[in-house]
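First up is the structure itself, then whatever we jot down about it.
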Amino acid sequence: MIFVENLNKKYGPIHVLKGLDCHIREREVVCVIGPSGSGKSTFLRCMNGLETITSGSIVINKHRLDDSKSDINLVRQEAGMVFQHFNLFPHLSVIDNVMLAPLKVAKTSKAEARAKAETLLAKVGLEKKMNAFPGNLSGGQMQRVAIARALAMNPKIMLFDEPTSALDPEIVGEVLAVMKDLANEGMTMVVVTHEMGFAREVADRVLFMDEGLIVEEGTPEQIFSAPQNARTQGFLSKVL
Amino acid sequence: MFRAFDWQDLIPLLKGAWLTIQLCAVSGVLGIIFGVILGVARTSPSKIARWISTIYITCVRGIPILVIIFFIFFGVPLLFPGLELDKFVSAVIALTCFAAAYVAEIVRGSIESVPKGQSEAAEALGLNYWLKLRYVILPQATKIMVPPGVGFIIGLVKDSSLVTVTGLIELTHAGNIVTNLTGDPIKTFLVVAVMYFVICYGVSLLGRLYEKRTGIHVDPLKLPETAGV
Amino acid sequence: MALYYGDLLPFSSLLLQGLWTALYITLIAMAAGSALGVLLYLGKAGRVKLVSILCTCYIEAIRNTPLLVQLYLIYFALPSLGINLNPIWAALIGLTLNNAAYTAEIYRAGFESVPKGLREAGKALGMKPAQIVRYIILTPATRNVFPALTNQLILLFLASSIGSIISLPELTNAIMTVSNTTYRTIEVLTVGGLLYLGVSALMSLASKRAETTLFRWAVGTHV
């Protein structure tokens, strides 16, 4: 579903991604772990065009991202993104946040968009907060709204950029629970995270990134119990 | 009767520009001194200090500078009969009164943007108000004050043009005089405008240099700007 | 010395007339100047380099020269446009052009103050740039900019006093006329000052009220 080949990304002289190769299959849940500065977030953001590729290629669901002819917005409708800092629209109520893109981008009817939004908000446990504004929500509630907002566009893939890093520890659980449900329903997910427990439980595959490359990858058992690479071992010993 | 605008007309204009610079330098320094005092008073725990400074600042910032200039120049001699004020002195007094209120707001904003934790830590260590202010709050606030302070100086230079109504021969008044000699107001005031531009833009370049050096950048939406004056 | 306010009574209509003139000139200059200011900002931030440079030059020229000098130039330039030396036109044009430069900078700060993440969220949802500006950026930017804009209104009102120097019949001009006629300088300055103070205080209160009403979603937060 996602084919990444020799992905290179440079910011001026700084070479952040150094020739990444990766294949993510449908319905797969892939967790990306690694030290800060390893390029995990950059890798994720390349997948929906928030960062431009310097060289190499990414193909998502038959759309080539490096092809200037392909409309990046079509790709973005297929890949939903959840940000570390939620990025909810503060001037819109919760339900308006969720309905905005379906109305303006997918051009669905108001009734349809509303029905879908209500369903999604119920799914993430926030049907009671439909008319609240982001300013009145807790971090965990905001992130769940953000997930519902991304899901409203019927994406085939969900990209999560450190979704719980900005949350208080006791709230992290409610967001991870939603993500777990999503995984169990068969959504293809790429999650950049520091939550090793989540990765161990839910991921089909774990990628360990360091200095712009995937150093080691495998099932959670392989990576967490028996890491082969010295750098992986070093990182895990510090965080586990 | 009228002669054409000539190179020799630059001389009175430059003299006027020099007087403007002197006027602004003196008023600026005095304004900063009084402004800091007012700003500290405005944020002090003493209710009286806060009240008096707030009233002063609100009143001065709620009336046009021109009215203040009129008041000092025409009104004060009436209150104290026999008191003869030199034009330069009354201009300085008027500009300082206004500048102090303006600077006070900058100081207030800077003090308030020092994180509250700093004040709490200082108090926890047993520092009293004056020690806390001197060694913890003001040193941090001072760095933040420079970018809006630059804006204040530029505003002061522009405001000084209003002093022309007192007859003090600063740059704008010099422009009036030259206009009467040459009959060409447009050329004259274009030159006057360029001179003001050079002074103001020069100051703003210094400010940008400071921002580059120290990385301090103030949110322009929080600045007490003067509109167009 | 004895202060006697009674002599001012026959001139109260002159003072109020001056206040009214100051107010309507301020409002017109604010409206026209803000509209022009938005265009200036868009020009400066736009992709056509020549337009961007011209807008920047205009803004810098206005912001680094005194309003009085700008008014003089416009006042004396009017005859070549076919209008006789008319202080009202000069003041309207001058204040509008002046206000535009300042509001352009206010809008710039407003647009730049909206967190980058909001724009990215819009992009991630597949929205086009024009849609992002219209539905996501514009309202939070206006809210951030609102205090600065209302402050600008008050400053403009006070700046209208400068028109008195080119004989605009507004409040300060009226104050000086009354002073020259009655010699009650302190009294009329006090009354005039209170009028200015009163109106600017009212404007301040009204704008705070407007802010909480228009931007109810933002209470207690900062975008």
Side-chain angles (χ1 to χ4, degrees), chain B residues 20 58-68 70-81 151 154-155 157-162 164-165 171-172 175-176 179 184-186 188-190 192-204 219-229, chain C residues 1 60-70 72-73 75-77 80 94-95 98-99 101-102 105-106 108-110 112-113 144-145 147-148 151-162 164-165 171-172 175-176 179 183 185-186 189-190 192-201 204:
Chain B
T20 295
T58 314
C59 285
V60 170
R61 298 191 81 207
I63 60 181
I65 318 170
L66 197 53
V67 173
I68 297 180
F70 279 139
F71 185 78
I72 304 282
F73 190 68
F74 294 115
V76 166
L78 292 177
L79 283 175
F80 305 101
I154 296 175
V157 172
K158 293 187 287 182
D159 294 345
S160 70
S161 65
L162 298 177
T164 187
V165 299
L171 182 49
T172 309
N176 273 320
T179 303
D184 192 344
I186 302 209
T188 313
F189 279 109
L190 277 175
V192 167
V194 167
M195 288 188 183
Y196 273 113
F197 185 86
V198 167
I199 302 174
C200 292
Y201 199 68
V203 172
S204 77
D219 181 0
L221 290 176
K222 299 216 176 88
L223 294 177
E225 269 247 327
T226 43
V229 181
Chain C
M1 63 158 282
E60 289 301 308
I62 298 277
R63 296 184 74 203
N64 288 294
T65 51
L67 176 60
L68 180 55
V69 174
Q70 294 163 14
Y72 274 144
L73 282 170
Y75 185 64
F76 292 119
S80 47
L95 283 172
N98 185 287
N99 190 30
Y102 287 88
E105 282 298 291
I106 291 176
R108 182 182 67 84
E112 288 177 6
S113 71
N144 284 349
V145 142
N151 186 47
Q152 187 66 14
L153 178 68
I154 297 173
L155 292 173
L156 205 58
F157 171 63
L158 297 179
S160 66
S161 63
I162 301 174
S164 64
I165 302 181
L171 181 51
T172 307
I175 293 175
M176 291 324 286
S179 166
Y183 297 101
T185 312
I186 308 258
L189 277 172
T190 313
L194 284 173
L195 282 173
Y196 274 114
L197 195 55
V199 173
S200 54
S204 203

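By convention in this document, chain letters (A, B, ...) are assigned in the order of the sequence lines, proteins followed by strands, and residues within each chain are numbered from 1. Since the structure is predicted, the reported quantities are computational estimates derived from the model, not experimental observations.
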Fill in the blank from the handout: Scanning both residues in full, the closest heavy-atom pair of B:Phe189 with C:Val69 reads O-CG1, 3.8 Å

Completion exercise
Of the listed B:Phe71, B:Phe74, B:Phe70, the one with the largest count of heavy-atom pairs under 4.5 Å with chain C is B:Phe70

Practice task
Heavy-atom distances under 4.5 Å only: say whether B:Leu171 touches chain C with side chain, backbone, both or neither.
Solution key: neither

Problem - chain C contact via B:Ser160 - which portion, at a heavy-atom distance below 4.5 Å - result: neither

Exercise for the section: Check each atom of C:Leu197 against the heavy atoms of chain B and say whether the ones under 4.5 Å are side chain, backbone, both or neither. Expected result: both

Practice task
To the nearest 0.5 angstrom, please state how far the CD1 atom of B:Ile63 sits from the CG atom of C:Leu195.
Solution key: 11.5 Å

Practice task
Please look at B:Ile186 and chain C and tell me whether the side chain, the backbone, both or neither of the residue comes under 4.5 angstrom of a heavy atom of that chain.
Solution key: both

Exercise for the section: Pick whichever of B:Cys200, B:Ala193, B:Pro64, B:Gly175 has the most heavy-atom pairs under 4.5 Å with chain C. Expected result: B:Pro64

Exercise for the section: Against chain B, label C:Tyr72 side chain, backbone, both or neither, depending on which of its atoms sit under 4.5 Å from a heavy atom there. Expected result: side chain

Handout entry: Part of B:Val165 within contact of chain C (heavy atom distance under 4.5 Å)
Key = side chain

Fill in the blank from the handout: C:Ser200 and B:Gly62 have their tightest heavy-atom pair at OG-O, 3.2 Å

Exercise for the section: Any chance you could measure C:Leu67, atom CG, to B:Leu162, atom CG, to the nearest 0.5 Å? Expected result: 8.0 Å

Completion exercise
Honestly, the part of C:Ser164 sitting under 4.5 Å from a heavy atom of chain B is side chain

Practice task
Please report the closest heavy-atom contact between C:Thr65 and B:Lys158, naming both atoms and the distance.
Solution key: O-CD, 3.5 Å

Handout entry: Inter-residue atom distance B:Ile72.CD1 - C:Leu189.CG, 0.5 Å rounding
Key = 10.0 Å

Problem - C:Glu60 versus chain B, the contacting section by heavy-atom distance below 4.5 Å - result: both

Handout entry: C:Tyr196 OH to B:Leu66 CG distance, which is reported to the nearest 0.5 Å
Key = 8.0 Å

